[in-house]
Amino acid sequence: QVQLVESGGGLVQAGDSLRLSCAASGRTLSSYAMGWFRQAPGKEREFVAAISWSGGSTYYADSVKGRFTISRDNAKNTVYLQMNSLQPEDTAVYCCAARETATSYSSTYYLAALYIYWGQGTQVTVSS
């Protein structure tokens, strides 16, 4: 079993930065691909970013590309989401998730249904 706990959320102003962390316990994350998803008030959950088990491949939603960076430190069993140039539309609960990597990963990284383990989420609020 894997437990994921997010941290680093908070209330910031537009243009500010935050770094979210996702710490895992129970098992090492080295064998898992990781993703970040978010859900804003009144909206459906959406994919934000993903990273392969080795960290060699990263993927981003168009809405955050160029502003957010996903990274991982397998030695620390932690995944990060560096969020720069935050805007009010980034306001959401951000959750990290883990999944096994399949041969189709490069075309399915954004599918929430394939992620096995989920954290409880951390709130990010961006004021204008």
Side-chain angles (χ1 to χ4, degrees):
Q1 297 294 316
V2 174
Q3 293 81 46
L4 305 175
V5 180
E6 303 93 338
S7 62
L11 174 62
V12 298
Q13 294 182 321
D16 286 352
S17 298
L18 283 174
R19 188 180 73 161
L20 306 183
S21 298
C22 174
S25 62
R27 295 186 65 181
T28 178
L29 294 181
S30 61
S31 298
Y32 297 90
M34 300 295 298
W36 285 95
F37 295 79
R38 68 185 183 186
Q39 187 166 18
K43 296 185 178 180
E44 296 296 316
R45 180 175 57 191
E46 66 174 339
F47 165 77
V48 177
I51 188 168
S52 62
W53 68 269
S54 66
S57 299
T58 58
Y59 308 89
Y60 299 94
D62 289 341
S63 59
V64 306
K65 192 172 299 182
R67 298 188 298 119
F68 291 9
T69 302
I70 187 171
S71 62
R72 66 190 301 163
D73 186 340
N74 287 341
K76 295 182 178 180
N77 234 20
T78 302
V79 178
Y80 305 96
L81 184 68
Q82 179 65 45
M83 310 164 67
N84 297 330
S85 301
L86 284 164
Q87 300 299 313
E89 53 264 37
D90 296 316
T91 295
V93 174
Y94 285 71
C95 294
C96 67
R99 60 166 284 183
E100 296 179 347
T101 302
T103 56
S104 60
Y105 176 70
S106 62
S107 59
T108 62
Y109 58 85
Y110 60 92
L111 297 177
L114 297 181
Y115 287 79
I116 301 173
Y117 304 106
W118 291 81
Q120 293 296 309
T122 184
Q123 176 71 48
V124 173
T125 302
V126 185
S127 63
S128 60

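Hydrogens, waters and symmetry mates play no part in the numbers below; they use all other heavy atoms, side chains included.
We find the CG-CG distance between Leu11 and Leu18 to be 9.0 Å, quoted to the nearest 0.5 Å. In this structure, OH in Tyr105 is found 7.5 Å from OG in Ser57, a value given to the nearest 0.5 Å. Rounded to the nearest 0.5 Å, atoms OG (Ser104) and CG (Leu111) are 8.5 Å apart. To the nearest 0.5 Å, atoms CE (Met34) and OG1 (Thr58) are separated by 14.5 Å. We find the CD-OG distance between Glu46 and Ser63 to be 5.0 Å, quoted to the nearest 0.5 Å. Separation of atoms OG (Ser52) and OH (Tyr59) is listed at 6.5 Å; rounding is to 0.5 Å.
What you find for Phe68 and Val48 is that their closest heavy atoms are CD2-CG1, 3.7 Å. Minimum heavy-atom separation, Leu4 to Ala97: CD1-CA, 3.8 Å. The two residues Tyr80 and Trp36 come nearest to each other via the heavy atoms O-NE1, 3.5 Å. Summarising the geometry of Ser31 relative to Trp53, their closest heavy-atom pair is C-CB, 4.1 Å, with the distance given to 0.1 Å. Residues Pro88 and Ser128 approach most closely at CG-CB, 3.7 Å, considering heavy atoms.
The distance between the ring centers of Phe37 and Tyr115 falls below 6.0 angstrom.
At least one side-chain heavy atom of Glu100 sits under 4.5 Å from a side-chain heavy atom of Tyr32. Annotation: side chain of Tyr60 is in contact with side chain of Thr69 (closest heavy-atom distance under 4.5 Å). Residues Leu81 and Glu6 are not in side-chain contact: their nearest non-hydrogen atoms beyond the backbone lie 4.5 Å or more apart.
The stretch residues 3-34 participates, sequence neighbours left out, in these disulfide (SG to SG under 2.5 Å) pairs: Cys22-Cys96.
Among residues two or more places apart in sequence or in another chain, the salt bridge (charged side-chain N to carboxylate O under 4.0 Å, His left out) test is passed with Arg19 by none. Legend: residues meeting side-chain hydrogen bond (donor to acceptor under 3.5 Å, both in side chains) with Thr125, ordered by chain and number and at least two apart, are Gln123.
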Worksheet item: Yes or no on side chain to side chain contact (heavy atoms under 4.5 Å, CB included) for Val79 and Ile70, after CA distance, side-chain angles and deciding distance?
Response: CA-CA 7 Å; Val79 178; Ile70 187 171; 4.1 Å; yes
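At most 12 heavy atoms of other shown residues, nucleotides or ligands fall within 6.0 angstrom of atom CD in Gln120.
In this structure a side-chain-to-backbone donor-acceptor pair under 3.5 Å is missing from Arg99 to Ala113. Judged purely by atom type and a 3.5 angstrom limit, Gln13 has no side-chain atom pairing as donor or acceptor with the backbone of Ser127. Side chain of Gln87 to backbone of Ser85: a donor-acceptor contact under 3.5 angstrom is found. Between the Tyr110 side chain and the Gly35 main chain, no donor and acceptor come within less than 3.5 Å of each other.
In this structure, Trp118 is not a member of the same hydrophobic cluster as Val124, with clusters built from ILVMFWY side-chain heavy atoms closer than 4.5 Å.
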